[in-house]
Each structure stands twice: as structure tokens, then as C-alpha cells.
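Here the structure is laid out as C-alpha cells; the discussion comes afterwards.
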Amino acid sequence: MELIVMLTYNDFTVADAAQVFESCRDSNARYWGFKEHPLPLEEMKRLYTEMKRAGKTTFLEVVAYSEEEGLAGARMCAECGCDILMGTTFHDSILQFCRAHDIRYMPFVGKVSGRPSVLEGSIEEMIAEAREYINKGAFGIDLLGYRYVGDAERLNRELVKAVPGAVCLAGSIDSFQRLDEVKRAHPWAFTIGSAFFNGCFGGTIREQIDKVCDYISQEKISQ
């Protein structure tokens, strides 16, 4: 289970993302990413280059709900040399583009709307949807579990267990209690962005990242 540090606040990339990364590049987090807005493309490319130089696996999360916007995000991902595309509603055209450009694709499931995103839909339908995308060749699923209007903990636990692919729990993980829930669900990865900038885990962003990495590596789960 890996932490993906997202240099984002309320689903937008922070303006000083490059400086924040530089101050944290030697932290224990191996996975790093940000959103498709609002940094200029050339800044995005430079930041991803620095992440790769530091040995990081890189992510671009695209908060977009149309095929056209999703394809534009995939093209941006390819131009930046990014490893994994997260987000977008699933379309075969996006999957095919990612395959052609050696990008791993992790689309949303359920009915996602707004920004910051809100997730709706039944758990059973989302599990079926996720299985379909994995069977078609997606690397994994971007699950906005804590943006769910229903029972988030149940959704996270049941979907991770039922889906034969990488599941990332993305969004609104902002406390050690939620980290315990994440540990119980045991996804492939999870993201934290805004919570670091809000100081939810105590200390500098670098200190918080290492605290979270240490915490998830412990077998013990608080009761």
C-alpha cells in the first residue's frame, strides 16, 4: 500500500507545486502527482522531469467527465512523460491512447460530478463497472471513496476486495482515523493532497508525509 502525494488543494494543483516538491523530494513517499489544472503545460513538464530525476513514480489525475476532456488529459499525460493517468470517465478511446503511449490508466467509477468531486451510485454497480474496466485492460480504478454520498467505509472495503486490479482511494483522507480505515480496506494506493496543506497530520508537509508513510507501514490499527 503506497501513499501518493498530490500537490493539490480542493482538486486544483497548488501554484507553488515545484517548490513544495523540492522541499519534500527526499521524503519517504515514492509516488507523486497533481491535477491537470491550472499549471501551464511547460511548468507541468518541468515538475514531472524533476520527479522522475528523484526516482518517483508519477501521476496525473484528470477531473473531467467527457470523452473529449479525458482524451485531452491523456495527451497531456503523454506529453509530460507521466507514468499513470488517474481520473476521467472511462472510454475505450482513452484506454487505447494510454496503451499506445505506455501509460497505465485508472479511471473513475460511479457517477462523479463537480469539483471538488462528489461520487454517487450503488456499491454493486460500481463494483461491476470496475471489473468491466479491468477486464478491458485498465490498470486499475480511481475510487473517490470519501467523496461518496453513501457509506464510504463499506464502499472502499467491498470494492477493493472485489476488484482484481489496482485500486487507489483518492480524496478527503484527512485524519489518522481515516488512515486506519484505509489500512483495513488495504487498497493498492491512496492519495493525500489538501490535508497536507491544511496540516491535518501535524508539522511541515515533509514531516506529515513521513508520518503518514510510517503510520501505514505499521501493522497495528487503532481501535
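In the hydrophobic clustering of ILVMFWY residues, with side-chain heavy atoms under 4.5 Å counting as a link, Leu169 and Leu159 come out together. Met44 and Val14 fall within a single hydrophobic cluster, where Ile, Leu, Val, Met, Phe, Trp and Tyr side chains are chained together by heavy-atom contacts under 4.5 Å. Met106 and Ile103 fall into different hydrophobic clusters, defined by Ile, Leu, Val, Met, Phe, Trp and Tyr side-chain heavy atoms under 4.5 Å apart, directly or through other members. Both Trp32 and Phe190 are part of a single hydrophobic cluster, where members link through side-chain heavy atoms under 4.5 Å apart. There is no path of hydrophobic side-chain contacts, each under 4.5 Å, that joins Val20 to Met6.
To the nearest 0.5 Å, atoms OG (Ser194) and CG (Asn10) are separated by 4.5 Å. The CG atom of Leu85 sits 12.0 Å away from atom CZ of Arg75, with the distance rounded to the nearest 0.5 Å. In this structure, CD1 in Ile94 is found 6.5 Å from CD in Glu67, a value given to the nearest 0.5 Å. Note that CG of Leu71 and OG of Ser93 are 4.0 Å apart. Values are rounded to the nearest 0.5 Å. Atom CZ of residue Phe139 and atom CG of residue Leu95 lie 13.0 Å apart, to the nearest 0.5 angstrom. The line from CG of Leu144 to CD of Glu61 is 6.5 Å long, rounded to the nearest 0.5 Å.
Between the Lys211 side chain and the Gly202 main chain, a donor and an acceptor come within less than 3.5 Å of each other. Formation of a donor-acceptor pair under 3.5 Å by the Lys183 side chain with backbone atoms of Met1 is not found in this model. Not one N or O on the side chain of Asp142 forms a donor-acceptor pair closer than 3.5 Å with the backbone of Phe108. Formation of a donor-acceptor pair under 3.5 Å by the Thr57 side chain with backbone atoms of Tyr31 is not found in this model. A distance-only check finds a donor-acceptor pair linking the side chain of Ser122 to the backbone of Glu125 [under 3.5 Å]. Judged by distance alone, with hydrogens and angles left aside, the side-chain atoms of Glu129 form a donor-acceptor pair with the main-chain N or O of Gly110 at under 3.5 Å. Formation of a donor-acceptor pair under 3.5 Å by the Glu207 side chain with backbone atoms of Thr204 is found in this model. Judged purely by atom type and a 3.5 angstrom limit, Lys45 has no side-chain atom pairing as donor or acceptor with the backbone of Gly81. Asp151 places a side-chain N or O within 3.5 Å of a backbone atom of Arg154 that can act as its donor or acceptor partner. In this structure a side-chain-to-backbone donor-acceptor pair under 3.5 Å is missing from Glu2 to Ala189.
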Under the side-chain contact (heavy atoms from CB on, under 4.5 Å) rule, what do Asn156 and Leu143 come out as? Steps first, then yes or no, please.
CA-CA 8 Å; Asn156 295 342; Leu143 178 63; 3.7 Å; yes

Output, in order, the C-alpha distance, side-chain angles, deciding distance and verdict of ring-ring contact (aromatic ring centres under 6.0 Å, His included) for Phe201 and Tyr215.
CA-CA 11 Å; Phe201 299 97; Tyr215 195 79; 8.6 Å; no

Check step by step if side-chain contact (heavy atoms from CB on, under 4.5 Å) holds for Gln96 and His91.
CA-CA 9 Å; Gln96 290 164 7; His91 291 278; over 6 Å; no

Verdict with supporting geometry, Glu132 and Lys136, salt bridge (Lys or Arg N to Asp or Glu O under 4.0 Å)
CA-CA 6 Å; Glu132 177 189 354; Lys136 284 188 169 187; 3.7 Å; yes

Evaluate the salt bridge (Lys or Arg N to Asp or Glu O under 4.0 Å) criterion for residues Glu158 and Lys161: first the C-alpha distance (whole Å), next the side-chain angles of each, then the deciding distance (0.1 Å), finally the verdict.
CA-CA 5 Å; Glu158 293 190 8; Lys161 184 178 180 180; over 6 Å; no

Any chance you could lay out the side-chain contact (heavy atoms from CB on, under 4.5 Å) test for Glu50 and Arg25, step after step, and finish with the verdict?
CA-CA 9 Å; Glu50 286 306 308; Arg25 66 187 295 147; 3.2 Å; yes

Starting from the C-alpha separation in whole Å, work towards a yes-or-no answer on side-chain contact (heavy atoms from CB on, under 4.5 Å) for Leu41 and Met76.
CA-CA 8 Å; Leu41 182 60; Met76 186 181 293; 3.8 Å; yes

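In this structure, the ring of Tyr133 has its center less than 6.0 angstrom from the ring center of Phe90. The distance between the ring centers of Phe34 and Tyr48 falls below 6.0 angstrom.
Across every non-hydrogen atom of Gln208 and Cys200, the tightest pair is OE1-N, 3.3 Å. When all heavy atoms of Ile134 and Gly165 are compared, the pair lying nearest together is CD1-CA, 4.0 Å. For the pair Cys24 and Ile205, the tightest heavy-atom approach, listed with the atom from each and the gap, is SG-CG2, 3.8 Å. Val62 and Glu36 get closest at one heavy-atom pair: CA-OE1, 3.5 Å. For the pair Gly33 and Ile4, the tightest heavy-atom approach, listed with the atom from each and the gap, is N-CG2, 4.4 Å. In plain terms, the two heavy atoms of Ser117 and Val63 that are nearest each other are OG-CG1, 3.6 Å.
Here the side chains of Ser66 and Thr89 are not in contact, with every heavy-atom distance at 4.5 Å or above. When side chains are defined from C-beta on, Leu179 counts as touching Val212, because their heavy atoms get closer than 4.5 Å. Proximity of Leu7 to Asp16: side-chain heavy atoms (C-beta onward) are nowhere separated by under 4.5 Å. Two residues are said to be in side-chain contact when any heavy atoms from C-beta on lie closer than 4.5 Å; Pro38 and Thr13 meet this criterion. By the 4.5 Å heavy-atom criterion applied to side chains, Arg104 and Cys98 are not counted as neighbours. Counting only heavy atoms from C-beta outward, the side chains of Asp11 and Arg147 approach each other to under 4.5 Å. With a 4.5 Å cut-off on side-chain heavy atoms, Ile209 and Asn28 do not count as touching. Contact annotation: the side chain of Val5 approaches that of Leu3 to within less than 4.5 Å [non-hydrogen atoms, C-beta and beyond].
The aromatic rings of Trp188 and Phe59 lie tilted to each other, with the angle between the two planes from 30° to 60°.
Salt bridge status for Arg99 with Asp92: absent, with no side-chain N to carboxylate O gap under 4.0 Å. Between Lys56 and Asp83, none of the side-chain N atoms (NZ, or NE/NH1/NH2) sits under 4.0 Å from a carboxylate O, so this pair counts as no salt bridge. The existence of a salt bridge linking Asp210 and Arg206 is confirmed by a sub-4.0 Å separation between a basic side-chain nitrogen and an acidic carboxylate oxygen.
With hydrogens and angles left out, the side-chain atoms of Tyr146 and Glu181 include a donor and acceptor closer than 3.5 Å. For the residue pair Ser172/Tyr148, the side-chain donor-acceptor check at 3.5 Å is not satisfied. For Thr88 and Glu69, the side-chain atoms include no donor-acceptor pair closer than 3.5 Å. Inspection of the Tyr9 and Asn198 side chains reveals an N or O donor paired with an N or O acceptor under 3.5 Å.
Residue-environment remark: CG (Asp102) stays at or below the threshold of 12 foreign heavy atoms within 6.0 Å.
Stacking of Arg115 on the aromatic ring of Phe12 is recorded, both the 6.0 Å distance cut-off and the 45° axial limit being met.
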